[in-house]
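Written out below as structure tokens is the structure these notes cover.
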Amino acid sequence: MHDSDTEQEQSLLAAAALGSLDQTDLAALEQVLVRSPTARAELDQLREVVALLPYAAPLITPPAHVRALLMERIAADQAARRSSKSASSPSRTSRPMLASLFSLTVVIVLLGWFTFTLQQQVTAINETNQRLLVAIEQLQASVTASEERQSQLTTQLASYEQQLARLNEQIAQERLLVSFVSAPGVATRELRPTRGDLAARGEMYMYPGETQAVVIFSGLPALEPDRVYRFWLSDGVQRIAAGSFQVDATGLATLIITAPREVNAFTEVMVTVEPVTNPTPDAVEVILTGTL
């Protein structure tokens, strides 16, 4: 899926959770939900988060003038009772005290109610925050899983591109082989084994004046992993390495060589078996030779 398609799906899911889709977007959303169970799960999580948003509002402190107004009313009531005609009577003097106690009781009850209400709000907000944290963790896990899937797809794509490059290279080599073997004017030289117990041979195809040539080998035994076949060109004075190769399970191999000058300027070719690294003269064996 392209990044643009993913962004469009995320936009549809977010708008659907907020309830802001028109008829066209609703139809597009239904198509996304039908083909992607993961999108449906993400939509349910987004709706849960939206439903919890009202609980995330900050705490509201009761207005200060409420307490002041209450205290003013209590003071006025006490003043009125003190100015009463029965203020001199011992039995009557207890009434303002009772009123004061009643007023204080009312204040204490109101303050307790405010405290209880605030505690309930704090508890509700804490629970809401916990649910929001869980929802956010789930969304993060979903995003991480999507990124992992994208990484896997990227790795697979890179692997496919490498395979395609190898196939294209193989096709190019095969076309070059066909051009050398089937084109008119090509010269052929045979490479023969140096040992009688070796049923191997090589066929070299080249053009006079060209620096490239193709050699097809058959009957060669498979080598150990630390050894390799190497092709040499010789002009009677020096030998020049022109490539190395391995054979398949049937003993076949094809080598495309590029010489430092025209191939027909050399007088002899040969194939050796030697170590992959640090070959010494004692460890090198010539198994095929041919003249040009």
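Nothing fancy with the numbering, it's 1 onward along the sequence.
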**OP:** Quick one: pull up CZ in R230 and CD1 in I287 and give me the separation to the nearest 0.5 Å.
**Re:** 12.5 Å

Subject >> Contact summary for A200 and P193, nearest pair of heavy atoms >> reply: O-CD, 3.1 Å

Subject >> Side-chain heavy-atom pair L220, L288 within 4.5 angstrom cut-off >> reply: yes

**OP:** Kindly check if the number of other-residue, nucleotide or ligand heavy atoms within 6.0 Å of CD (Q238) is above 12?
**Re:** yes

Original post:
Hey, what do you get for CD1 (I136) to CZ (R131), rounding to the nearest 0.5 Å?
Top reply: 13.0 Å

**OP:** Determine, for F266 and R239, whether the Lys NZ or Arg CZ falls below 6.0 Å from the six-membered ring centre while staying within 45 degrees of the axis.
**Re:** no

Subject >> Minimal non-hydrogen separation, W232 against A241, with atom names >> reply: CE3-N, 3.4 Å

**OP:** Quick one: do L26 and Q23 satisfy side chain to side chain contact (heavy atoms under 4.5 Å, CB included)? Show the steps, please.
**Re:** CA-CA 5 Å; L26 283 173; Q23 294 298 324; 4.3 Å; yes

Subject >> Check: T123 side chain, Q119 main-chain N or O, donor-acceptor pair, under 3.5 Å >> reply: yes

Subject >> From CG (L139) to CD (E42), nearest 0.5 Å >> reply: 7.5 Å

Original post:
If every non-hydrogen atom of P221 is compared with every non-hydrogen atom of L198, which pair is closest and at what distance?
Top reply: CD-CD1, 3.9 Å

**OP:** Could you tell me whether F217 and F245 have their ring centroids closer than 6.0 angstrom?
**Re:** yes

Subject >> Contact summary for S244 and L255, nearest pair of heavy atoms >> reply: O-CD1, 4.0 Å

Subject >> Exam field: side chain T194 to backbone V286, donor-acceptor pair closer than 3.5 Å >> reply: yes

**OP:** Please answer: with hydrophobic residues joined when any side-chain heavy atoms are less than 4.5 Å apart, are V284 and L191 in the same cluster?
**Re:** no

Subject >> same_hphob_cluster(V247, L252) at 4.5 Å side-chain heavy-atom cutoff >> reply: no

Subject >> N/O donor-acceptor pair under 3.5 Å between Q246 side chain and R227 backbone >> reply: yes

Subject >> V263 to T211 - nearest heavy-atom pair and separation >> reply: CG2-O, 3.5 Å

Subject >> Distance, nearest 0.5 Å, that separates CG of L233 from CD1 of I257 >> reply: 5.0 Å

Subject >> Distance, nearest 0.5 Å, that separates CD of Q130 from CG of L132 >> reply: 9.5 Å

Original post:
Does the distance from a Lys or Arg side-chain N to an Asp or Glu carboxylate O, for E285 and R195, drop under 4.0 Å?
Top reply: yes

Original post:
Can you hop from V228 to M270 via hydrophobic side chains spaced under 4.5 Å?
Top reply: no

Original post:
Is it true that I240 and Y229 fall in one hydrophobic cluster, defined by side-chain heavy atoms closer than 4.5 Å?
Top reply: yes

Original post:
Can you name the one residue among T188, V214, L292 that meets side chain to side chain contact (heavy atoms under 4.5 Å, CB included) with M204?
Top reply: L292

Original post:
Just wondering, are more than 12 heavy atoms of other shown residues or ligands nearer than 6.0 Å to CZ in R261?
Top reply: yes

**OP:** Go through the steps to decide whether R149 and T38 satisfy the test side chain to side chain contact (heavy atoms under 4.5 Å, CB included), and finish with yes or no.
**Re:** CA-CA 12 Å; R149 289 196 297 270; T38 302; 4.2 Å; yes

**OP:** For residues E203 and Y205, report the shortest heavy-atom separation together with the two atoms involved.
**Re:** CG-OH, 3.3 Å

Extract all donor-acceptor atom pairs below 3.5 Å that involve side chains of residues 151-162 and protein atoms in other chains or at least two apart in sequence.
unit_1	atom_1	unit_2	atom_2	d
T154	OG1	Q150	O	2.9
T155	OG1	S151	O	3.0

Subject >> Gap between atom CD of E30 and atom CG of D25 - 0.5 Å precision >> reply: 12.0 Å

